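Only heavy atoms go into these numbers, but all of them, side chains included; no hydrogens, no water, no symmetry mates. Below, chain A is the first sequence line, B the second, and so on; all start at residue 1. The structure presented is a predicted model; accordingly, all values stated were derived computationally and were not measured.
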Amino acid sequence: EPEVTQTPSHQVTQMGQEVILRCVPISNHLYFYWYRQILGQKVEFLVSFYNNEISEKSEIFDDQFSVERPDGSNFTLKIRSTKLEDSAMYFCASVMNYGYTFGSGTRLTVV
Amino acid sequence: DAKTTQPTSMDCAEGRAANLPCNHSTISGNEYVYWYRQIHSQGPQYIIHGLKNNETNEMASLIITEDRKSSTLILPHATLRDTAVYYCIAHLGEAAGNKLTFGGGTRVLVKP
């Protein structure tokens with residue numbers, strides 16, 4: 001069964017550093033998403049991406065965040081200057097017709 | 001997306017059917033009922049969805065009341081691997097890339 005692949009599975013970074021989280025969505029999917037889940041809290045929508053541009057973003061997705069799909073396969077989330085409160089699981093998802101497929105996530109720890 | 005209400009937690013015996021209720025009294029006519037689950041900090045996993053009719057797939061069955069104000073997800077023979085948080089979401093569907101809005105879900109513990 002096709003999968004959404006995320007790397008790395010765990011990243012530790014110092015506050016103020018830039019991080020890039022990587023995702024390889026399912027190849028024929030059209031819509032791509034990033035969600036995050038702070039430990040013990042709900043899964044929260046960050047951003048959706050379609051046709052090489054952002055289609056919707058949440059209030060969380062401020063100027064420190066950016067997304068790219070540079071080569072038609074990888075889909076990346078960049079956090080420019082990480083804060084302690086960015087520590088969370090970050091999930092990538094993609095969808096074609098119905099039923100999102102989520103990756104297994106990247107656990108980001110900001111110290 | 002319409003608000004959904006689910007019990008916070010429930011236990012289920014291994015091998016028995018697990019019936020997970022969800023209330024969505026303000027659901028609009030074009031919103032589907034979707035169910036996802038999340039096993040211990042893994043990515044959410046799609047289970048099933050429906051609009052009006054009952055649906056069944058290899059994972060579960062979905063029963064939607066005639067007035068569409070509530071639904072029940074049925075796991076016919078729960079296993080220990082079904083222990084997870086189950087989310088009921090009223091959603092317009094994936095057309096136009098509509099996002100999912102997750103609530104707190106129901107934490108299901110399947111016991112031997």
Membership question, hydrophobic clusters at under 4.5 Å side-chain separation (ILVMFWY): are Ile26(A) and Phe75(A) in the same one?
no
Residue Ile47(B) versus chain A: region with a heavy atom under 4.5 Å:
neither
Residue-level interface, residues 78-96 of chain A with chain B, non-hydrogen cut-off under 4.5 Å:
Met89(A), Phe91(A), Val95(A)
Do other residues, nucleotides or ligands put more than 12 heavy atoms under 6.0 Å from the CD atom of Glu3(A)?
no
Answer whether the closest heavy-atom distance between the side chains of Thr101(A) and Tyr46(B) falls below 4.5 Å.
no
Closest non-hydrogen atom pair between Tyr33(A) and Lys99(B), with its separation
CE2-CA, 4.4 Å
Between Gln41(A) and Phe102(B), does a side chain to side chain contact (heavy atoms under 4.5 Å, CB included) hold up when you go through it step by step?
CA-CA 10 Å; Gln41(A) 298 188 23; Phe102(B) 289 84; over 6 Å; no
Search all heavy atoms of Tyr87(B) against all heavy atoms of Val43(A) and return the closest pair with its distance.
OH-CG2, 4.2 Å
Same apolar cluster (I L V M F W Y, side chains within < 4.5 Å links), Val24(A)/Ile20(A)
no
Contact origin within Thr101(B) toward chain A - heavy atom pairs under 4.5 Å:
neither
Do you reckon Leu100(B) sits in the same ILVMFWY cluster as Leu30(A), going by side-chain contacts under 4.5 Å, direct or chained?
yes
Using a 3.5 Å cut-off and no angle test, enumerate the donor-acceptor pairs between side-chain atoms of residues 13-27 of chain B and protein atoms at least two apart in sequence or in another chain.
from: His24(B); atom 1: ND1; to: Arg68(B); atom 2: O; distance (Å): 2.8
from: His24(B); atom 1: NE2; to: Ser71(B); atom 2: N; distance (Å): 3.4
from: His24(B); atom 1: NE2; to: Ser71(B); atom 2: OG; distance (Å): 2.9

Within 6.0 Å of NE2 in His40(B), more than 12 heavy atoms from elsewhere:
no
What part of Tyr36(B) lies closer than 4.5 angstrom to a heavy atom of chain A: side chain, backbone, both or neither?
side chain
Are more than 12 heavy atoms, taken from residues, nucleotides or ligands other than Tyr32(B), located less than 6.0 Å from that residue's OH atom?
no
Co-membership, hydrophobic cluster, residues Ile54(A) and Leu21(A), 4.5 Å side-chain:
yes
Atom CG of Asp63(A) with >12 non-hydrogen neighbours under 6.0 angstrom:
no
Heavy-atom pairs under 4.5 Å with chain B are the metric here; pick the option from Phe45(A), Phe49(A), Tyr100(A), Phe32(A) that has the most.
Tyr100(A)
Enumerate, atom names and distances included, each donor-acceptor pair closer than 3.5 Å involving a side-chain atom of residues 73-82 of chain B, sequence neighbours excluded.
from: Thr79(B); atom 1: OG1; to: Arg81(B); atom 2: N; distance (Å): 3.3
from: Thr79(B); atom 1: OG1; to: Asp82(B); atom 2: OD2; distance (Å): 3.4
from: Asp82(B); atom 1: OD1; to: Arg37(B); atom 2: NH1; distance (Å): 2.8
from: Asp82(B); atom 1: OD2; to: Thr79(B); atom 2: N; distance (Å): 2.8

Output the residues of residues 102-111 of chain A for which the shortest heavy-atom distance to chain B is under 4.5 Å, in residue-number order; output 'none' if no such residue exists.
Phe102(A), Gly103(A), Ser104(A), Arg107(A)
Is Tyr35(A) in contact with chain B via its backbone, its side chain, both, or neither, using a 4.5 Å heavy-atom distance?
side chain
Indicate if Val85(B) and Met10(B) have the same hydrophobic cluster label, given that clusters are the connected sets of ILVMFWY residues with side-chain heavy-atom separations under 4.5 angstrom.
no
Please check if the number of heavy atoms outside Arg69(A) that lie under 6.0 Å from its CZ is greater than 12.
yes
